[in-house]
4 protein chains.
Amino acid sequence: MIKIVTGDARPIFKQIVDGIRMQIMTGQLQVGSKLPSVRGLSMQLTVNTNTVAKAYSELLSNGLVESRKGLGLFVIQPKQILSDQERQQRLEKAVEALIHETIGLSFSHDDILQMVKLKFTDLPDGNTD
Amino acid sequence: MIKIVTGDARPIFKQIVDGIRMQIMTGQLQVGSKLPSVRGLSMQLTVNTNTVAKAYSELLSNGLVESRKGLGLFVIQPKQILSDQERQQRLEKAVEALIHETIGLSFSHDDILQMVKLKFTDLPDGNTD
Amino acid sequence: MIKIVTGDARPIFKQIVDGIRMQIMTGQLQVGSKLPSVRGLSMQLTVNTNTVAKAYSELLSNGLVESRKGLGLFVIQPKQILSDQERQQRLEKAVEALIHETIGLSFSHDDILQMVKLKFTDLPDGNTD
Amino acid sequence: MIKIVTGDARPIFKQIVDGIRMQIMTGQLQVGSKLPSVRGLSMQLTVNTNTVAKAYSELLSNGLVESRKGLGLFVIQPKQILSDQERQQRLEKAVEALIHETIGLSFSHDDILQMVKLKFTDLPDGNTD
DNA sequence: GTGGTCTAGACCACG
DNA sequence: GTGGTCTAGACCACT
């Protein structure tokens, strides 16, 4: 179940994208299963239909789902779209963003590392190939 | 030396804030030293003066610098302006943002942790009181 | 209703901040309610939109409102953003400012205290947690 | 002895004005005594001579000192320059400023009142006529 | 010279 | 429609 948080830094459509991606990672949405309809999900989350549509188009262009005309969107076997170099760069950017956000908070490196470990423990490991 | 990157996700004024904050943390700007003037820095970065002024006002409200009227902004002994609760919340948000950005890149938790460690090793430890 | 006074010592954006803060404290703006739009308020006060935007960004960083993208700013349950030490320091500064302004007016301490009591009686008490 | 505080909200010339006014109120500077020279005081406080000159001109126009040509500035018997109405208005303004500064700090009225009492106890009472 | 405030007008992402 | 950012250019108080 996706939760929309009003105080979140991410825009709503991004929260939806991340939420569905998470459901795919954790197996709650398996390959071949159908996403809720745009209208259905927008009502469930009480957000604008345009917002859900935008999220879905993002999932499409990310290659996580495919559109079957007249039937809806379906989760597909994820293609590795990004190059290793691109993935590496994104990881670096993300960690640098973490630095930017935390540098003024006067936490020790260890404080931050512990928090990273803590928050990641509940998540499935990405590299299970 | 601060570099403004137009392709950066951060707005320009935030890049300036982060750049100066970094210079303060790394000791390039010591307590008591004067920041470059608004007009001077804006010319150097070829950015509008208002943009620099906005960055400076952020540093001011963060308690990293103080304004001496008619003279400029000066680095001060950093004050603990935020409550512990607020600091903790911001740390959590920042780490959650890292998760959102890295999920789907199929990195293992260990990959990510190693990158965090790597990027942080060059920085001075925040909690050196 | 906020009134902008051109002869006021406070800059316009501060008058807006104080005005809205007052409306929040007195319950005229309840938690969950929406602030007037930047453009709307700027027209009503015949002030530039940037000025209102600056006031709103201050309220945002004070933790009194949150931004819901595309919808506007909404009053939230106030957070304790500042450390106790910082709050205490600001209180002291504010009282010292009162002293500086009233010294030389040859009021007795009691005159001043009575005025403080009088002006505060109409306001809700801050510490009602 | 006047102390210039760089982090003070008041501009330096105002700190000097207030400092001298305080010395007059507490009797450290008696009627008939001479103020330090502009150059002397500016060196002692390590501030610009223009700044001291500005402070002195303020004291002159406030009727607290008079200029004896070629000799310097001397403290005089204070004339009541302000009308009662004007004094009352200034007191109100000052208290309202206190409200504006403290309203977001979530102190109880009593906290604030206690701080006012505390800070005033060290000062001589204005209304000793 | 310094920062601080304000206006006017523009563009962007989000819903 | 919403807020957020940026530019250009102006005026002010302070040193």
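Since the structure is predicted, the reported quantities are computational estimates derived from the model, not experimental observations. Just so we're on the same page: letters track the sequence lines, and every chain starts at 1.
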Which listed nucleotide ([options]) is nearest to the side chain of [X]?
| X | options | value |
| --- | --- | --- |
| C:Phe13 | E:dG15, E:dT5, F:dT5 | E:dT5 |
| C:Thr51 | E:dC6, E:dG9, E:dC14 | E:dC6 |
| B:Ser67 | E:dG3, F:dT5, F:dG4 | E:dG3 |
| B:Leu60 | F:dG3, E:dG4, E:dT7 | E:dG4 |
| B:Val47 | F:dT7, F:dT15, E:dG15 | F:dT7 |
| B:Ser37 | E:dG3, F:dT15, F:dA8 | E:dG3 |
| B:Leu71 | F:dG4, E:dG15, F:dT15 | F:dT15 |
| B:Val38 | F:dC6, F:dT15, E:dG3 | E:dG3 |

Query raised in the report: Is there a side-chain contact between A:Pro36 and A:Tyr56, using heavy atoms and a 4.5 Å cut-off?
Result: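 Sidechains of A:Tyr56 and A:Pro36: in contact.
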Query raised in the report: Short question: side chain of A:Lys34, backbone of A:Val75 - any donor-acceptor pair under 3.5 Å?
Result: no
Query raised in the report: Are C:Ser83 and C:Gln85 linked by a side-chain donor-acceptor pair shorter than 3.5 Å?
Result: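 No, no side-chain donor-acceptor pair sits under 3.5 Å.
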Query raised in the report: Starting at the 5' end of DNA chain E and moving along, which residue's nearest nucleotide shows up first, A:Ile12 or C:Arg10?
Result: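 Whichever sits nearer the 5' end wins; that is C:Arg10.
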Report task. Would you mind telling me which residue lines up with the more 5' stretch of DNA chain E, B:Ala53 or C:Asn50, judged by nearest nucleotide? Result ->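 Between the two, 5'-proximity favours B:Ala53.
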Report task. Test D:Ile12 against every option in D:Asn48, D:Thr6, D:Val47 by the side-chain contact (heavy atoms from CB on, under 4.5 Å) rule and name the one that passes. Result ->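 Result: among D:Asn48, D:Thr6, D:Val47, D:Val47 is the only option passing the side-chain contact (heavy atoms from CB on, under 4.5 Å) with D:Ile12.
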Nucleotide [N], atom [atom2] - distance to [atom1] of [X] in whole Å:
| X | N | atom1 | atom2 | result |
| --- | --- | --- | --- | --- |
| C:Leu41 | F:dG4 | CG | P | 14 Å |
| C:Lys34 | E:dG15 | NZ | P | 15 Å |
| C:Arg68 | E:dG15 | CZ | P | 13 Å |
| C:Leu45 | E:dC6 | CG | P | 12 Å |
| A:Ile4 | E:dG15 | CD1 | C1' | 12 Å |
| B:Lys54 | E:dG3 | NZ | P | 18 Å |
| B:Asn48 | E:dG4 | CG | C1' | 14 Å |
| C:Met43 | F:dG3 | CE | C1' | 17 Å |

Requested in this report: Hey, which sits more toward the 5' end of DNA chain F by its nearest nucleotide, B:Thr49 or C:Gly72?
Outcome: C:Gly72
Query raised in the report: Just checking B:Leu35: base, sugar-phosphate only, or nothing, at a heavy-atom cut-off of under 4.0 Å?
Result: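 If one applies the 4.0 Å heavy-atom cut-off, B:Leu35 turns out to touch nothing in the nucleic acid.
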Query raised in the report: Of the options C:Lys14, C:Lys93, C:Arg90, which is the one that meets D:Glu101 in a salt bridge (charged side-chain N to carboxylate O under 4.0 Å, His left out)?
Result: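 When C:Lys14, C:Lys93, C:Arg90 are each tested with D:Glu101, the salt bridge (charged side-chain N to carboxylate O under 4.0 Å, His left out) holds only for C:Lys14.
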Report summary line: Any strand, both distances under 3.5 Å, Watson-Crick or G-U wobble: F:dC6 pairs with E:dG9
Query raised in the report: Do the side-chain N or O atoms of C:Ser57 get closer than 4.0 angstrom to the phosphate oxygens (OP1, OP2) of F:dG3?
Result: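 Checking C:Ser57 against F:dG3: no side-chain N or O falls below 4.0 Å of OP1 or OP2.
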**Report entry** Donor-acceptor pair present, B:Arg39 side chain and E:dG1 base, under 3.5 Å
**Finding:**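 Answer is no: no donor-acceptor pair is held.
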Query - Approximate separation, where rounding is to 0.5 Å, of A:Thr51 OG1 and A:Gln15 CD - result: 11.0 Å
